[in-house]
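Counting starts at 1 for both ligands and their atoms, in listed order. Reckoned from all heavy atoms, side chains included, excluding hydrogens, waters and symmetry mates. These numbers come from a predicted model, not from an experiment.
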Amino acid sequence: MESRIPLFIANWKMNKLAKDVQAFVIPFNEATQDVSAKSERVLAPTSVYLSALVVATKGTSIHVSAQNCGTAKSGAFTGEVSAAMLKDLGVGWVILGHSERRHIFKEDNNLVNARLKAAIEEGLTPVFCVGEKLEERKANQTFIVIENQLLGLKAHSEAVLKDLVVAYEPVWAIGTGENATPTQAQEVHAFIRQWISKNISSTFANRTRILYGGSVKPENSSQLMAMEDVDGLLVGGASLDPLSFGEIVKKGLNS
Ligand code: PEP
């Protein structure tokens, strides 16, 4: 198995003002300095603060991610931010298909796949989110839903998908305080890796990082990271505080 460097992403959603974004970087970087060489750390603020965060993280190994990107390079798309613009700002990563985009803003698989295409054409690292709703899990449809969400990846070669990251985020676990058990997470992560192996290639599957997200906190990060196919964590609420997110990273690495 090729090595997959543990990856920790903070999704700040629509939280924090400019002063909070700036104030996060120094304490978080200090808290995780000794593990910075054996992990990758990514912060995803709202688009208006991306520039400020690119500046604030200069000289650190912390990466900056957007929370979404438009499908076109430019044009009449009011409210959208293109992948080209993100690249222009020095942003290297983008979260796509987050559950809140899919369910609150009704982004379907076609739209998420179009965003993916735009992101990879600009060379951004996509964090491609998938996950089932509670009623889908209860109806034993988890794997069907996840497979449908993954299908768009098939349109691209592994050379183009390159550093793709997949994030498994069960909708019922996001912001609810109820995380998937490590066993539940492992089961879906293994399914995702097998799907990638079968539909793209086994070498690509072995090097693709699959993150878990959904009510991750310092108390559960090491158990989740102990699972064979959990390569990192995508964290919402508990990533808003630099020391809490720092604990998640450090405990996750001690699994
Ligand atoms: C998320 O927003 O991606 C997320 C997993 O949120 P939370 O950690 O708050 O459940």
Same apolar cluster (I L V M F W Y, side chains within < 4.5 Å links), L86/V54: yes

Considering only the protein, which heavy-atom contact is closest to atom 9 (O) of ligand 1, and what is its distance? G237 N, 2.8 Å

Numbered atoms and elements of ligand 1 in range of S215, under 4.0 angstrom, heavy atoms: 7 (P), 8 (O), 10 (O)

Counting from 1, what ligand 1 atoms have a heavy atom of G214 closer than 4.0 Å? 5 (C), 10 (O)

Nearest neighbour in protein (non-hydrogen) for atom 1 (C) of ligand 1: H98 NE2, 3.2 Å

May I ask you to decide if S215's main-chain N or O and N220's side chain share a donor-acceptor pair within less than 3.5 Å? yes

Would a single hydrophobic cluster contain both V25 and L240, if residues Ile, Leu, Val, Met, Phe, Trp and Tyr are joined by side-chain heavy-atom contacts under 4.5 Å? yes

Looking only at heavy atoms of A238, does any of them come nearer than 4.0 Å to an atom of ligand 1? no

For ligand 1, which is the ligand I care about here, please tell me if L234 has any N or O atom under 3.5 Å from one of the ligand's N or O atoms. no

With clusters defined by side-chain heavy atoms of hydrophobic residues (ILVMFWY) lying less than 4.5 Å apart, directly or transitively, does F245 cluster with Y212? yes

Could you say whether the N/O atoms of G236 and ligand 1 ever approach to under 3.5 Å? yes

In terms of atom number and element, which parts of ligand 1 are under 4.0 angstrom from non-hydrogen atoms of K13? 1 (C), 2 (O), 4 (C), 6 (O)

So how far is it from L234 CG to S65 OG, rounded to the nearest 0.5 Å? 9.0 Å

For D229, run the side chain to side chain donor-acceptor pair (under 3.5 Å) check against Q194, Q186, H189 and tell me which one passes. Q186

Going by salt bridge (charged side-chain N to carboxylate O under 4.0 Å, His left out), R115 matches just one of E122, E107, E121. Which one? E107

Give me the nearest non-hydrogen protein atom to atom 5 (C) of ligand 1 as residue plus atom name, then the distance to 0.1 Å. E169 OE2, 3.0 Å

Against heavy atoms of G175, which atoms of ligand 1 measure under 4.0 Å? 7 (P), 9 (O), 10 (O)

Any donor-acceptor N/O pair, K250 side chain to A31 backbone, under 3.5 Å: yes

So, does A173 sit close enough to ligand 1 that a heavy atom of it is under 4.0 Å from the ligand? yes

Please confirm whether K217 comes under 4.0 Å of ligand 1, counting heavy atoms of the residue only. no

Give the contacting part of N11 toward ligand 1: side chain, backbone, both or neither, where contact means a heavy-atom distance below 4.0 Å. side chain

Do W12 and F24 have ring centroids that are under 6.0 Å from one another? yes

